[in-house]
Amino acid sequence: MPLLAALPLTLIVQRVLNRHAEINRLVATDYPVSEIARRLSLDRKTVRHYRDTDLDILLASARDRRSVPLDRFKPFPQAEFARGNTRGTALFEQLREQGYQGCYSTLTRYLRTVHAGTAPTAPAELPRPRRITGWITQTRESLSPRDAAGLGEVRLACPDIAAACDFAHASVVEDTSTDSKC
């Protein structure tokens, strides 16, 4: 279990481990779901969830369940770690300068998951809706190469935006063709 080795043994992780072991032990002895739920004071849906879900998935869910002050800063330590800057103290100081108010141990716990390769990749920062709207409403020829690349990334990330782009560009072509006929 690589994920288990990378996780600190917090209360929530310990609870998930205990519940998973107890529920699977009772399932193995052929207790029905209702009886397991009654014995452990859990809902039947919770018992089914623990019975049917892999332990690694349950542990990942337990790790990601709580919000920590580091959440909005996660792309920075991941990028720095990829560049080779692995010193927690240096990263902590840089994050402090960016406004991070969490503690050092939270950062080092997260860095351990990054180092072990079990940390989910930080989501790419999407442009603001106003900028995306500006890209959509401009003709493709008038977009700078950087803006065209940004629009391409957003179109790949969101099918609804891709559909809006196609609609906007189709209506622009339609408007220009009707204007020329008049």
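The only option from Q14, E22, R15 that meets the side chain to side chain donor-acceptor pair (under 3.5 Å) definition with N18 turns out to be Q14.
Counting all heavy atoms, side chain and backbone alike, L151 lies closest to C165 at CD1-SG, 3.6 Å. Nearest heavy atoms, V154 versus P127: CG2-CD, 3.9 Å. Residue T106 comes nearest to C103 through the heavy atom pair OG1-SG, 3.1 Å, listed as atom of the first residue, atom of the second, then distance. Counting all heavy atoms, side chain and backbone alike, L59 lies closest to V16 at CD2-CG1, 4.0 Å. Closest non-hydrogen pair, A162 versus R155, comes out as O-NH1, 3.6 Å. Summarising the geometry of R51 relative to I23, their closest heavy-atom pair is N-CG2, 4.3 Å, with the distance given to 0.1 Å.
The CG atom of L156 sits 11.0 Å away from the CD1 atom of I161 when rounded to the nearest 0.5 Å. For the atom pair OG1 of T53 and NE2 of H20, the computed distance is 8.0 Å after rounding to the nearest 0.5 Å. Taken from CG in D43 to NZ in K45, the straight-line distance is 5.5 Å, to the nearest 0.5 Å. W135 CH2 to S142 OG: the interatomic distance, rounded to the nearest 0.5 Å, is 13.0 Å. R25 contributes atom CZ, which lies 9.5 Å from atom CD1 of I36 (distance to the nearest 0.5 angstrom). Going from atom OH of Y50 over to atom CG of N24 covers 11.0 Å, rounded to the nearest 0.5 Å.
Side-chain contact between T86 and L111: absent, with no pair of heavy atoms (C-beta onward) separated by less than 4.5 Å. Looking only at side-chain heavy atoms (C-beta outward), V114 and Y110 come within less than 4.5 Å of each other. Side-chain atoms of Y100 and Q94, non-hydrogen and from C-beta on, never get closer than 4.5 Å to each other. Counting only heavy atoms from C-beta outward, the side chains of V27 and V33 never approach each other to under 4.5 Å. A 4.5 Å side-chain heavy-atom check between L17 and L55 finds at least one atom pair inside the cut-off.
With hydrogens and angles ignored, the 3.5 Å screen pairs a side-chain donor or acceptor of T133 with a backbone N or O of P129.
Under the 4.0 Å criterion applied to side-chain N and carboxylate O atoms, R38 and E35 are assigned as salt-bridge partners. A salt bridge is absent between E93 and R96; no separation between the charged side-chain nitrogens and carboxylate oxygens falls under 4.0 Å.
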**OP:** Determine, step by step, whether F81 and N85 satisfy the side-chain contact (heavy atoms from CB on, under 4.5 Å) criterion, reporting the C-alpha distance in whole Å, the side-chain angles of both residues, the deciding distance to 0.1 Å, and the verdict.
**Re:** CA-CA 5 Å; F81 199 86; N85 184 4; over 6 Å; no
**OP:** Run the numbers on R87 and T89 for side-chain hydrogen bond (donor to acceptor under 3.5 Å, both in side chains), then give the verdict.
**Re:** CA-CA 6 Å; R87 289 189 50 231; T89 54; 3.1 Å; yes
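Other residues, nucleotides and ligands place no more than 12 heavy atoms under 6.0 Å from the CD atom of Q101. Few gaps surround CZ on F76; more than 12 heavy atoms of other groups in view lie less than 6.0 Å from it.
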